[in-house]
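Since we're looking at a predicted model, the values are computed, not measured.
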Amino acid sequence: MPWDRNDMARRAAQELEDGFYVNLGIGIPTLVANYIGDDIDVTLQSENGMLGMGPFPYDDEVDPDLINAGKQTITELRRTSYFSSADSFAMIRGGHIDLSVLGAMEVSENGDLANWMIPGKMVKGMGGAMDLVAGVKRVVVVMDHASKSGAPKLLHECSLPLTGRAVVDMVITNLGVFTIKAGKGMTLIEIAPDVSIDEINASTQATFEVAV
Amino acid sequence: MPWDRNDMARRAAQELEDGFYVNLGIGIPTLVANYIGDDIDVTLQSENGMLGMGPFPYDDEVDPDLINAGKQTITELRRTSYFSSADSFAMIRGGHIDLSVLGAMEVSENGDLANWMIPGKMVKGMGGAMDLVAGVKRVVVVMDHASKSGAPKLLHECSLPLTGRAVVDMVITNLGVFTIKAGKGMTLIEIAPDVSIDEINASTQATFEVAV
Amino acid sequence: MKKIYPDAKAALDGLTFDGMTVMSGGFGLCGIAENLIAALRDSGAKNLTVISNNAGVDDFGLGLLLQTRQIKKMISSYVGENKEFERQYLSGELELEFNPQGTLAERCRAGGAGIPGFYTKTGVGTVIAEGKEHKEFNGETYIMETGLISDLSIVKAWKADEQGNLIFRKTARNFNPMMASAGKFTVAEVEEIVPLGSMDPDCIHTPGIYVQRIIKGEHEKRIEQRTIRERESA
Amino acid sequence: MKKIYPDAKAALDGLTFDGMTVMSGGFGLCGIAENLIAALRDSGAKNLTVISNNAGVDDFGLGLLLQTRQIKKMISSYVGENKEFERQYLSGELELEFNPQGTLAERCRAGGAGIPGFYTKTGVGTVIAEGKEHKEFNGETYIMETGLISDLSIVKAWKADEQGNLIFRKTARNFNPMMASAGKFTVAEVEEIVPLGSMDPDCIHTPGIYVQRIIKGEHEKRIEQRTIRERESA
């Protein structure tokens, strides 16, 4: 049985280590926060200007001056610090964030990422995605293995405009987990329960090694 | 009678306007603070990281965490803000300081300034002087008209290594006041009491117009 | 040198003109200069280039200036919340320059700091890098981005004193400090004007040197995504 | 992930090596990491490149590392207070690279912010510009300066919490925040370690992400120029 959104988030959470500073994107990546182990100390960054992001507020705690990069109301923690967006992206660009978990439209076998623009559709903008993939030490993509129409999203080369080149280190899909290493390409390292390699091959265009 | 140090400082203080943010160098420029008129509101910057510098402390107010760029103990005012040296020089480089008053070894007729280094002698460093002359909107030099040995300090071209090129807007010496304008050179606009133009000519190498 | 003005209209008096470049602080609707945006609309200044991370929503924030078609060009990182924006953009009435969010933030910081250009890895190998100077540092490729300044920056802070010292609150800080520093003229609206000397001088986010005029405003502080959790029942 | 260490020696354990680059915060003797400088001396690490605005005085601050000749090269803006420095420099034992103070501050800020190069007007037409890339922006000439990073940054703050969040006090802030951000490893010494949650989150100067280890130190806080005024008699 392929993984669902929560399974994928849980798997992504395993990439977090004690002491990590982590930026979580919008959508499934946001769910990763629910699966951070009690045994590790992780600090979440919100790129609008906050380190130490807490959970959503209770109804009577909502504060319009306290939102995350997805513009959702959130809360602060005892460790929280606030800073400007320039200071926030200095942190990101300077390589101080250990891990970012992002969604994607396409990932190529050398780690190119496309997740901000579909030509011909209204372009909303890249927000902080290009900064994150360029600056964060390790980038984990969480996405469905194929598009709704069944088209592969793991490709030889991305067809959509890129967010960054050779920036993705790991892809977690509903079918399995792939690592991407510079010059070594993509490797399947885990398969979701009851999913066959044939099934994965059938919905993957990218070339990959298998090491499960 | 030529001006003394306090006269020169008093004359420099006349260049300050209401609302100005001002950086004063070490030596005679420091004295300028004593002559700021009560009718204008001026904020002094200290380039190590402070806006709103107050006077020297009383003996029981001395605080080792509160010094100016000359490493002298100082005090804060009700308007004071502290910031990092990066933020301080962002302010300077970005052209937000209205006026700087500095000492000099040599000034050329096109406004070149030399005030940080004498070859062959131990070099102490330029500190913030190069940043100030490059970034501050208006640079006023206060210095003796000639060296102790009587050699002119207002020159066709500086002989010492430069702090900045075409950066000086006004020179106040013990003999008079000169303005320097880009492409128009140096103009004598004021003469100290009982000083003759011949006297100034005799101790000046730079070419200058007279408009007193 | 009085910096405090009675209202937003008075604070913008003499500062607006057609074709000007305006920086507008805020992230989404958080920390936007609500009163000054309305006053900028009422000024009637046209053909504006507006530098702002986002473009407001249809009926709030910079959306007000889109309704009146006062904006010629936006420099932003994300504009997804605004239908009128989409309409004007797709019909060719509105120019749009996308900047990665961190690049936009740094360009404003650089402009205020007298840095006309800097190098970044962000956007290398993407459309963002097209036409920009590329340079290698330690074997890695970077692109040059330029500093930005504005004719007028409108920012929102929590508190100000009469000298223009500003303190921001929580994530409403966002782009406001850099934009304050990058304005040839900067006007700040605040929730409270506090007595001089009542701010902790170690905790002033924007020193008064960057702020020429101040007003106390009224703030709706609209929330875009009200996300809450349920209390566990006792 | 415990960041608090019992003393300076323990805090530098495993972090020092010959030939390393160290950033040392402070302006003059104000806001220097007194305890960590002593521990760095005691580590015996040699051939250090030290990036610091000043070089201490003969018997205090970085002067301690000059006495033991552990420093190979200094990158500084002003070193005028130190006779041993002068002796070593004139005898050719010590290399020296002068940076304008604002350029030095910005190079540290850039290094921490992932910016490998930036343009500045400071130093154009002087010896500082020799050999550096020149570029025109809007008809003015600028030179390129590069970002700096360190193997180890030692900084002094007023307060820290267990997460490494730092607050500096008055002008003791100076170079400390940028150097904290530009260290591959940063160790902070503070006057007080305060409980988590007791700092105002709007007023944290250096977020804990930049600080890997913390100690509470003892501080002499020597004053270089004790300048006072007399009280007017009553």
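Atom CD of D:E218 has 12 or fewer neighbouring heavy atoms from other residues, nucleotides or ligands inside a 6.0 Å radius. Counted within 6.0 Å of CD on A:E157, heavy atoms from surrounding residues, nucleotides or ligands total 12 or fewer; the atom is thus considered open. By the 6.0 Å contact criterion, CZ on A:R78 is open, its count of non-hydrogen atoms from other residues, nucleotides or ligands being 12 or less. Around CG of A:D39, the count of heavy atoms belonging to other residues, nucleotides or ligands within 6.0 Å exceeds 12. More than 12 heavy atoms of other residues, nucleotides or ligands sit less than 6.0 Å from atom CD of D:E95.
Between chain A and the options D:G197, D:P201, D:A182, heavy-atom pairs under 4.5 Å are most frequent for D:P201. The most heavy-atom pairs under 4.5 Å with chain A, out of D:L196, D:D200, D:I115, come from D:L196. Between chain A and the options D:I149, D:D202, D:D161, heavy-atom pairs under 4.5 Å are most frequent for D:D202.
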Report all side-chain donor-acceptor pairs from residues 49-57 of chain A shorter than 3.5 Å, counting only partners two or more places apart or in another chain.
none

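Here the CD1 atom belonging to D:I209 is positioned 3.5 Å from the CD1 atom belonging to A:I97, to the nearest 0.5 angstrom. Note that the CG atom of A:D41 and the NZ atom of D:K2 stand 8.5 Å from one another [nearest 0.5 Å].
D:K3 and A:Y21 get closest at one heavy-atom pair: NZ-OH, 2.8 Å. Taking each heavy atom of D:S181 and A:H96 in turn, the nearest pair found is O-CE1, 3.0 Å. Residues D:P207 and A:M91 share a closest heavy-atom pair of CG-CE, 3.8 Å.
One N or O on the side chain of D:N165 and one on the backbone of A:R79 form a donor-acceptor pair closer than 3.5 Å.
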